[in-house]
Every structure is written in C-alpha cells, then in structure tokens.
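One structure is given here, and the rest of the page talks about it.
Everything numeric here is computed off the predicted structure, so don't read it as measured data.
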Amino acid sequence: MKCLGTTLLTVLIPWSLATSQVRVASPDGRNVVLVETHEGKLYYMVQRDGHPLLTPSMLGFDFRGAPPPFLFDSMA
C-alpha cells in the first residue's frame, strides 16, 4: 500500500501543479481520489460510491528527525 501511495503522489503532484483538480478512479469507478489546490496548498479527498470517506485534507510530509514545519498562518 505504501508503494501505491508513493506512485500515486509521483503521478499526481506534477499534474496538480498544472490544473486545479485531478481525479483518479478505480477501474469500476466506485473509488475516487481527488487532489486539488486551494490557496496554494495541496488537498486530497477520497470517495466511495459518491460518498466521502475522507473529507478534504491537506497533503504534506513529516520527516523523522526534522523540526516541525514553519507555518506562515501562525504569524497572523
């Protein structure tokens, strides 16, 4: 499953930079992953049979041993 996630990100991130939304569906169309940008941030959501399984969530990375990310929003 980890390999699938890495492959999905490798394919989707370049496309998401060119468009505002990318949709990938399973062969039977029941499972859908949507990746989109909103205000310069990358979000994803997952649906099954048209119903949300995961609501829009920000996509990001946490690296082991690295300091927490600097959040620009916290400076407001």
Closest non-hydrogen atom pair between D28 and R30, with its separation: OD1-N, 3.0 Å
Hphob cluster co-occupancy, V46 + L59, side-chain heavy atoms under 4.5 angstrom: yes
L42 and V35, any side-chain heavy atoms less than 4.5 Å apart: yes
Heavy-atom side-chain proximity of Y44 to L54 below 4.5 angstrom: yes
Audit row: Q47, L53, side-chain contact (heavy atoms from CB on, under 4.5 Å) steps and yes/no: CA-CA 5 Å; Q47 298 176 340; L53 292 178; over 6 Å; no
Residues S57, Y43; criterion side-chain contact (heavy atoms from CB on, under 4.5 Å); working and verdict: CA-CA 5 Å; S57 302; Y43 290 84; 5.7 Å; no
Any side-chain heavy-atom pair of V32 and R23 under 4.5 Å: yes
Side-chain touch P56/M45, heavy atoms, less than 4.5 angstrom: yes
